[in-house]
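One-based numbering, in listed order, for ligands and for the atoms of each.
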Amino acid sequence: MTARPDAPSSGLIIAVDGPAASGKGTIASGLARAFRLPYLDTGALYRAVGLGVLGVGGDPADAALATQVAQGLRPGEADEAAIRAHGVGEAASLVAAHTGVRAALKTLQQNFARQPGGAVLDGRDIGTVIAPFATAKLFVTASPEVRADRRWKQHLGLGHVVSFEEVLADIGQRDARDRGRDAAPLRPAQDAVLLDTTHLTIEAAADAARRIVEKARDASGSSR
Ligand code: C5P
């Protein structure tokens with residue numbers, strides 16, 4: 001019998017949500033290594049849809065087209081460097097506001113979360129919509145300036161030509177859109193633990209995240 005996608009799972013499911021460049025990707029992949037769990041960066045799915053729409057010369061605001069692209073998405077096939085380009089984050093946040101796009105990607109994410117043993121997923125609505133049944137929920141934040149600085153350095157490292165001011169403006173715009181949309185807005189789940197990484201090194205943030213998960217795991221009685 002196939003389990004219902006919204007049913008609880010016996011594995012260790014870790015939901016990591018937060019705004020752009022908050023450090024959630026680094027934290028989530030570190031947790032996946034620490035707890036030996038598979039990891040899904042759900043932002044990459046929305047980025048792949050945004051890139052797919054741009055690739056056919058479409059407008060990411062076009063809900064019907066974006067939904068069609070999302071329904072045909074084959075995860076893992078998108079070019080990693082291309083989905084990280086500056087304009088693709090913006091396109092991702094536009095396509096992510098369409099309910100059809102979110103519906104098309106939901107089952108895939110829930111199946112990933114529910115695999116035997118558990119999983120780590122990061123995004124905007126993992127703790128609230130995709131895996132409300134997660135064992136541990138983290139909401140990772142940092143000041144807009146610190147987030148913009150981190151994202152700008154990532155762009156420089158990838159050879160993208162973009163100014164700090166452009167990145168800061170982009171982050172502000174994406175935050176506002178992700179928080180203000182009707183479909184699965186960015187917000188902490190009621191039972192999420194807030195982790196502010198503004199003044200934390202990567203190591204300190206990773207340690208804090210691990211402790212949060214260990215505490216939630218022990219409280220839930222999960223065996224992992
Ligand atoms: O996490 P990342 O910045 O790569 O995500 C790109 C965009 O995809 C976000 O700005 C957000 O609009 C959207 N997204 C989402 N829900 C998720 C993950 C990403 O709406 N679970």
Check your understanding: Has the side chain of Thr198 got a donor or acceptor atom that lies under 3.5 Å from a matching backbone atom of Ser143?
Key -> yes
Review point. Using a heavy-atom cut-off of under 4.0 Å, does the side chain or the backbone of Arg181 touch ligand 1, or both, or neither?
Key: side chain
Check your understanding: Pick from Asp62, Leu94, Leu65, Val101: which one makes a side-chain contact (heavy atoms from CB on, under 4.5 Å) with Val53?
Key -> Leu65
Check your understanding: Looking at Asp178, which atoms of ligand 1 are within less than 4.0 Å of one of its heavy atoms?
Key -> 9 (C), 10 (O), 11 (C), 12 (O)
Exercise for review: Would you check the N or O atoms of Tyr46, main chain and side chain alike, for any that come under 3.5 Å of an N or O of ligand 1?
Suggested key: no
Practice item. Could you list the atoms of ligand 1 found under 4.0 angstrom from a heavy atom of Ala96? Key: 12 (O), 13 (C), 20 (O)
Exercise for review: Go through ligand 1 atom by atom and flag the ones less than 4.0 Å from a non-hydrogen atom of Arg174.
Suggested key: 3 (O), 5 (O), 6 (C), 7 (C), 9 (C), 10 (O)
Review point. In terms of the angle between their ring planes, are Phe164 and Trp152 parallel, tilted or perpendicular, with boundaries placed at 30° and 60°?
Key: perpendicular
Review point. So which heavy atom in the protein is nearest atom 4 (O) of ligand 1, and how far is it from that ligand atom?
Key: Arg47 NE, 2.6 Å
Exercise for review: Report, in ascending order of atom number, the atoms of ligand 1 lying under 4.0 Å from any heavy atom of Gly123.
Suggested key: 17 (C), 18 (C), 21 (N)
Exercise for review: Using distance alone, with no hydrogens and no angle criterion, decide if Arg150 and Thr26 have a side-chain donor and acceptor under 3.5 Å apart.
Suggested key: no
Review point. By number and element, which atoms of ligand 1 are closer than 4.0 Å to a non-hydrogen atom of Ala92?
Key: 6 (C), 7 (C), 8 (O)
Exercise for review: For the residue pair Arg174 and Ser93, confirm or rule out a side-chain donor-acceptor distance under 3.5 Å.
Suggested key: no
Practice item. May I ask you to decide if Val16's main-chain N or O and Asp122's side chain share a donor-acceptor pair within less than 3.5 Å? Key: no
Check your understanding: With only distance considered, is Asp122 within less than 3.5 Å of ligand 1 through an N or O on each side?
Key -> no
Revision key, fill the gap. The option among Gln109, Arg151, Arg124 carrying the non-hydrogen atom nearest to atom 2 (P) of ligand 1 is Arg124
**Study point:** Given Arg147, Arg187, Arg181, Arg124, the one that forms salt bridge (Lys or Arg N to Asp or Glu O under 4.0 Å) with Asp175
**Key:** Arg147
**Study point:** Part of Arg177 with heavy atoms under 4.0 Å of ligand 1, whether side chain, backbone, both or neither
**Key:** neither
Exercise for review: Give yes or no for whether the N/O distance cutoff of 3.5 Å, strictly under, is met between Asp41 and ligand 1.
Suggested key: no
